[in-house]
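Below is one structure, written out as structure tokens, with a few remarks after it.
Below, all heavy atoms of this structure are taken into account, side chains as well, without hydrogens, waters or symmetry copies. Start at 1 and go down the list; that is how both ligands and their atoms are numbered.
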Amino acid sequence: MTISRALSSTTFPANFMLIAALNPCPCGYRGDTRRTCNCTPPQIDRYMSKISGPLVDRIDIHIEVPSVAYRDLSGGAPGTGSAVLREQVAVARAAQAARFDGGRTRHNADMTHRQTREFCRLDEECQNILKAAMTELGLSARAHDKVLRVARTIADLDASETIRPLHLNEAVNYRMLDRQLWT
Ligand SMILES: [Zn+2]
């Protein structure tokens, strides 16, 4: 992070996680099963074009979060508990610590392009999935590497040595805003 003042400019180390949310359309009900969205396609287009492409490109994971009905909120539906999740994260982090073994890179997200090529090797089936996604979604080179790093993490959470098609498909599905679902 660089702070510039009249007399000097100082750069401090910074490592942050950005989490952002936006409505799917101006009224917020597009895709909602209980309320009707009356926005027109041009209105939705204009709304979505407000987010900058280069910014979206730099965000690792984009997902759609549907609204939750009150009875589901209050019902305590069974899901993965915190203790189980914690265990999975610990396993994934241990795998990353072993992978980078004391180097400057500590997490999959920090991998350089060269490390991404080294640690995210794909078999032929996965290569075909990625090639199809690149063409279909028009992914940038940056998004291509992000998909691989996210797939590597999904594989780590699954305690899998290799990236399998299901890991890669999940990572591709996390590039929702590249799909331009609103068009
Ligand atoms: Zn709407």
Side-chain angles (χ1 to χ4, degrees), residues 1 14-86 88-89 92 107-111 116 120 122 125-158 163-183:
M1 182 177 70
N15 189 1
F16 63 92
M17 184 183 287
L18 171 73
I19 300 176
L22 92 161
N23 277 337
C25 65
C27 83
Y29 293 115
R30 188 166 61 92
D32 197 304
T33 49
R34 289 162 300 143
R35 302 273 296 256
T36 312
C37 161
N38 293 314
C39 304
T40 63
Q43 280 176 326
I44 294 172
D45 258 356
R46 215 172 313 125
Y47 178 80
M48 294 306 283
S49 67
K50 282 185 191 166
I51 44 168
S52 129
L55 178 65
V56 166
D57 203 35
R58 284 169 170 80
I59 296 176
D60 292 354
I61 294 176
H62 323 147
I63 51 167
E64 193 176 355
V65 186
S67 64
V68 181
Y70 177 73
R71 64 167 190 280
D72 294 335
L73 266 184
S74 55
T80 309
S82 295
V84 174
L85 273 178
R86 189 179 196 284
Q88 287 176 345
V89 170
H107 308 112
N108 292 338
D110 308 323
M111 281 194 280
T116 306
C120 305
L122 300 179
E125 188 181 357
C126 283
Q127 282 180 28
N128 288 334
I129 291 170
L130 190 57
K131 206 189 290 175
M134 290 285 295
T135 318
E136 188 194 322
L137 307 178
L139 295 187
S140 66
R142 181 182 290 118
H144 169 274
D145 277 16
K146 282 192 182 299
V147 166
L148 284 175
R149 291 184 205 121
V150 170
R152 184 59 265 170
T153 298
I154 295 167
D156 287 343
L157 286 167
D158 198 21
I163 296 175
R164 300 211 195 97
L166 84 156
H167 306 135
L168 188 62
N169 274 321
E170 185 176 341
V172 167
N173 279 322
Y174 291 152
R175 297 301 302 178
M176 203 202 85
L177 289 174
D178 294 323
R179 282 164 210 274
Q180 310 214 329
L181 287 181
W182 57 92
T183 56

>> Can you confirm whether Tyr47 is buried at OH, in the sense that more than 12 heavy atoms of other residues, nucleotides or ligands lie under 6.0 Å from that atom?
In response: yes
> Does the side chain of Leu139 reach to within under 4.5 Å of the side chain of Val172, using non-hydrogen atoms?
Replying inline: no
> Checking side-chain hydrogen bond (donor to acceptor under 3.5 Å, both in side chains) against Thr116, which of Arg149, Arg152, Lys146, His144 comes through?
Replying inline: Arg149
>> Would Met176 and Ile63 count as a side-chain contact (heavy atoms from CB on, under 4.5 Å) here? Give the steps.
In response: CA-CA 6 Å; Met176 203 202 85; Ile63 51 167; 5.9 Å; no
> Between Asn38 and Cys27, does a side-chain contact (heavy atoms from CB on, under 4.5 Å) hold up when you go through it step by step?
Replying inline: CA-CA 8 Å; Asn38 293 314; Cys27 83; over 6 Å; no
> Could you go step by step and tell me if Ser67 and Arg34 meet the side-chain contact (heavy atoms from CB on, under 4.5 Å) rule?
Replying inline: CA-CA 9 Å; Ser67 64; Arg34 289 162 300 143; 2.9 Å; yes
>> Restricting to under 2.8 Å, identify the protein N, O or S atoms around the Zn ion (ligand 1) as residue plus atom.
In response: Cys25 SG, Cys27 SG, Cys37 SG, Cys39 SG
